[in-house]
Amino acid sequence: VQLQASGGGLVQAGGSLRLSCAASGRRVTGYAMGWFRRPPGREREFVAAIHWNGARSYYADSVKGRFTISKDNAKNMAYLNMTSLKPEDTAVYYCAADTVTAYRSTEYYARSGNYDYWGQGTLVTVSS
């Protein structure tokens, strides 16, 4: 599976962006999808994840209420809709896929080692 994240850019604080993650090589219908980010000078951190069927989603506390993850199995895509962006959201954002189909906890999805496939990142810069 190849994943390609896109949609990053420069936005003012309070603005919105929608990131896309295109999967190719295999259908990701049965895969959970996650978004992580790496802020400048910091470690990669969990942002959000969604179960393969879209029934459950999971968020880092820092983005709850502002970000929404979604998945379109027909298009083999995942999305991260980001609103009320803050300068601290500035980071390179990565999408990832997890082949485990069972429901898991937020803690499980927050661990990057649980994901089987990773895409290239897309840079989001939020100016103050």
- Check whether any side-chain N or O of Lys71 sits under 3.5 Å from a backbone N or O of Tyr31 as a donor-acceptor pair, and report yes or no. yes

Report all side-chain donor-acceptor pairs from residues 119-128 shorter than 3.5 Å, counting only partners two or more places apart or in another chain.
unit_1: Thr122; atom_1: OG1; unit_2: Gly8; atom_2: N; d: 3.0

- Would you check if Tyr79 and Asp72 make a side-chain contact, meaning some heavy-atom pair closer than 4.5 Å? yes

- Note on the structure: Nearest heavy-atom contact between Asn76 and Val28 is OD1-N, 2.8 Å

- Message: Just checking Arg26: does its CZ atom have more than 12 heavy atoms from other residues, nucleotides or ligands closer to it than 6.0 angstrom?
- Response: no

- Does Asn114 reach the main-chain N or O of Asp98 with its side chain, forming a donor-acceptor pair under 3.5 Å? no

- Query: Heavy-atom distance under 4.5 Å between the side chains of Thr106 and Phe46, does that happen here?
  - Reply: yes

- Query: Do Leu3 and Met33 have side chains that get closer than 4.5 Å, going by heavy atoms?
  - Reply: yes

- Residue pairs fulfilling disulfide (SG to SG under 2.5 Å) with at least one residue in residues 33-83, sequence neighbours excluded: none

- Hey, what's the ring geometry for Tyr115 with Phe36, parallel, tilted or perpendicular (30° and 60° as the breaks)? perpendicular

- Rounded to the nearest 0.5 Å, the NZ atom of Lys75 sits from the CZ atom of Arg27 at a distance of 12.0 Å

- How far does OH of Tyr117 sit from SG of Cys95, to the nearest 0.5 angstrom? 13.5 Å

- Rounded distance (nearest 0.5 Å) linking atom OG of Ser57 with atom OH of Tyr109: 10.5 Å

- Query: Do Phe67 and Asp89 come within less than 4.5 Å of each other through their side chains, counting heavy atoms only?
  - Reply: yes

Counting only pairs under 3.5 Å, give me each side-chain donor-acceptor contact of residues 10-25, with atom names and distances, residues two or more places apart or in other chains.
none

- Message: Quick check: do Leu80 and Thr68 have side-chain heavy atoms less than 4.5 Å from each other?
- Response: no

- OH-NZ distance between Tyr58 and Lys64, expressed to the nearest 0.5 angstrom: 12.0 Å

- Task: Give a yes or no on whether the backbone of Gly30 and the side-chain of Asn73 come within a donor-acceptor separation of less than 3.5 Å.
- Result: no

- Task: Report yes or no: does His51 contribute a side-chain atom to a donor-acceptor pair with the main-chain N or O of Arg104 at less than 3.5 Å?
- Result: no

- Message: Is the shortest side-chain heavy-atom distance between Val47 and Met82 below 4.5 Å?
- Response: no

- Message: Within the 4.5 Å heavy-atom criterion, are Leu85 and Thr83 side-chain neighbours or not?
- Response: no

- Distance-minimising heavy-atom pair for Tyr59 and Ile69: OH-N, 2.9 Å

- Message: With a 4.5 Å cut-off on side-chain heavy atoms, are Pro39 and Glu88 touching?
- Response: no

- Message: Please check this pair: side chain of Arg38 against backbone of Tyr94, looking for a donor-acceptor N/O pair closer than 3.5 Å.
- Response: no

- Task: Answer with yes or no whether the hydrophobic clustering places Trp35 together with Tyr108; edges join I, L, V, M, F, W, Y residues whose side-chain heavy atoms lie under 4.5 Å apart.
- Result: no

- Message: Would the distance check show the side chain of Asp116 and the main-chain N or O of Thr99 forming a donor-acceptor pair, the cut-off being under 3.5 Å?
- Response: yes

- Please answer whether the main-chain N or O of Ser84 pairs with a side-chain N or O of Arg66 as donor and acceptor at a distance below 3.5 Å. yes

- Query: Same cluster for Val100 and Tyr103 if Ile/Leu/Val/Met/Phe/Trp/Tyr side chains link at under 4.5 Å?
  - Reply: yes

